[in-house]
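Reading through the structure tokens given below for one structure.
Every heavy atom of this structure was used, including side-chain atoms; hydrogens, water molecules and symmetry mates were not. A quick note: this is a predicted structure, and the numbers were derived from the prediction, not measured. Residue numbers count from 1 along this sequence.
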Amino acid sequence: MSSKLKSLRRTATPSRHDTRWAAVAARDKAYDGKFYYSVATTGVYCRPSCPARLAKRENVNFHDTPASARAAGFRPCKRCKPDQPPLDAHYAKLILAACRAIESSDDEPSLTALAAAAKLSPHHFHRVFKSVAGVTPKAYATAYRHRRVRDNLKGSTTVTGAIHASGYGSSGRFYAGSKSVLGMRAGQFRA
């Protein structure tokens, strides 16, 4: 094999730093926690997915851990907070708590109350809930109520008792959409 071909092969395979730089340039969340990068001109270190403006390549160094970045004299970025758990994990905990609040409540909690418990604005909470759970808080509460009514109908002696135990304020609200919830009349489903 000629030396020219060998040198082409060496340049064709990306180095570890090239792969890391590509992840930083793409703001790839898949690399979060696998490495961190520091910027010499700002004195900060970040996650690969940091939304801050991209630094010049020559000012960037890579670190395996936040501790090694701090030991090199860099402070954590205030935007992506690489020294704290990822924001996705934080949001997942908040939404899980909101789901449990919806499930344990007799009445459907308001969006404002759920957002206040999560310490987020209602609009932001709604957006985060939908991105994490895949549905809106209202759709989650409705689906949970539908599941409860199906479960309660199986073990209840009366249809009305099952409807009220499932969180419906009136029978009329349930019967308005009962065909789509059960696929048949409530009495037939219970039987």
Spacing of [X] atom [atom1] and [Y] atom [atom2] [to the nearest 0.5 Å]:
X: C50; Y: K81; atom1: SG; atom2: NZ; answer: 10.5 Å
X: R127; Y: S121; atom1: CZ; atom2: OG; answer: 7.5 Å
X: C80; Y: Y36; atom1: SG; atom2: OH; answer: 9.5 Å
X: F129; Y: L120; atom1: CZ; atom2: CG; answer: 12.5 Å
X: F125; Y: T112; atom1: CZ; atom2: OG1; answer: 10.5 Å
X: R57; Y: D18; atom1: CZ; atom2: CG; answer: 7.0 Å

Review point. Any salt bridge between D88 and K29, counting N to O under 4.0 Å?
Key: yes
Check your understanding: Salt bridge check: are R20 and D64 linked by an N-O gap of less than 4.0 Å?
Key -> yes
Point to revise | Distance-only side-chain donor-acceptor flag, E103 / Y140, under 3.5 Å | key: yes
State whether the side chain of [X] and the backbone N or O of [Y] hold a donor-acceptor pair below 3.5 Å, judged by distance alone.
X: R75; Y: V44; answer: no
X: R47; Y: R27; answer: no
X: D32; Y: S49; answer: yes
X: S104; Y: R100; answer: yes

Point to revise | Heavy-atom side-chain proximity of T19 to F62 below 4.5 angstrom | key: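 Counting from C-beta outward, T19 and F62 never come under 4.5 Å.
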Practice item. State, yes or no, whether a side-chain contact exists between N61 and S38 at a heavy-atom distance under 4.5 Å. Key: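 Side-chain contact under 4.5 Å: yes.
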Check your understanding: Within a reach of under 6.0 Å around OH of Y31, are more than 12 heavy atoms found that belong to other residues, nucleotides or ligands?
Key -> no
Should [X] and [Y] be regarded as members of a common hydrophobic cluster, given that ILVMFWY residues are connected when their side-chain heavy atoms come within less than 4.5 Å of each other, either directly or indirectly?
X: Y45; Y: L54; value: no
X: Y91; Y: I102; value: yes
X: V39; Y: W21; value: yes
X: V135; Y: L96; value: no
X: L114; Y: V132; value: yes

Residue pair [X] / [Y]: nearest heavy atoms and the distance that separates them:
X: R79; Y: A52; value: NH1-CA, 3.5 Å
X: P122; Y: L111; value: O-CD2, 4.0 Å
X: C77; Y: C46; value: CB-SG, 3.5 Å

